[in-house]
Amino acid sequence: MERDQDAHLKKKVADEMEFAVQCSKCFKWRYIPTEERYEKIREHLLECPFYCEDAREWRPSISCNDIPDITQKEKKLSAFDKPGIPQPPSGWKRIVKVRTRGTIFADVYYDSPNEKRLRSIPEVERYLKQHSEYASQGVKLKKFSFKTPRSLQQDYAKKRSPTPPTPSDDINGDNAGMSM
DNA sequence: GCCACCGGTGGC
DNA sequence: GCCACCGGTGGC
């Protein structure tokens, strides 16, 4: 029963999101086939950069010479997720919702295994206190991060200081990304 | 009535 | 000035 719900939730999320990271050599974006893989890559991105060749595990002939999977021209909203965000505890899901309007770019939520949606560190803290079973499973507050990604679309940033021109290197290789 | 979404703001 | 947090509410 719970397992079905979990699968359902996963599918729902998968329908909404695609995951991609940027090659640290050619800076092209490559789709990552599963969220699990994406989370793992993102978590270790600082120590362990991603290269197009790493995608050969699921796309045998891929290389930096291939056209990017995603370009900034695309209509879809894109975002850099911040690197170093831990994988959510098993059964938990980290949701990034890009806002379609408004001044804030995105919201981050965690869905607990029983589908309770939590919106902030204090909420998670309270929830974990009330549900000691998670603590005994080793779920730690440290595993949660509500850091929001930043926009790939430079013109989105109303607030961000008009980032003095780095026109050519608009994308740096040190961030993982996702597109939605 | 619920909840996804957006806005306001307090604390840094 | 920024952003984490949470209140309010419109749409279902």
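We name chains A, B, ... by the order of the sequence lines, and we start the count at 1 in each one.
- Whole-Å rounding puts the A/Y110 OH to C/dC5 C1' distance at 16 Å.
- Taking side-chain N and O atoms only, A/R117 has no distance below 4.0 Å to OP1 or OP2 of B/dC3.
- Note on A/K97: a side-chain N or O is less than 4.0 Å away from OP1 or OP2 of B/dC5.
- Between the P atom of C/dA4 and the CD atom of A/E125 lies a distance of 16 Å, rounded to the nearest Å.
- In this entry the distance linking CG of A/D111 with P of B/dA4 reads 8 Å, nearest Å.
- Put simply, NZ on A/K147 is 7 Å from P on C/dA4, counting in whole angstrom units.
- A close approach under 4.0 Å does occur between a side-chain nitrogen or oxygen of A/S120 and OP1 or OP2 of C/dC6.
- Both tests hold for A/R117 against A/Y109: distance to the six-membered ring centre under 6.0 Å, angle to the ring axis within 45°.
- Two residues are said to be in side-chain contact when any heavy atoms from C-beta on lie closer than 4.5 Å; A/L118 and A/K116 meet this criterion.
- In this structure, A/F146 atom CZ and C/dC6 atom C1' are separated by 12 Å, rounded to whole Å.
- Using a cut-off of 4.0 Å between Lys/Arg side-chain N and Asp/Glu carboxylate O, A/D69 and A/R59 are scored as salt-bridged.
- In this structure, the CZ atom of A/R119 is 12 Å from the P atom of B/dC5, given to the nearest Å.
- Regarding A/L118, its CG atom lies at a distance of 12 Å from the P atom of C/dC5, rounded to whole Å.
- In this structure, the CG atom of A/D107 is 15 Å from the C1' atom of C/dC2, given to the nearest Å.
- Using a cutoff of 4.0 Å between basic side-chain nitrogens and carboxylate oxygens, A/K97 and A/D107 are not scored as salt-bridged.
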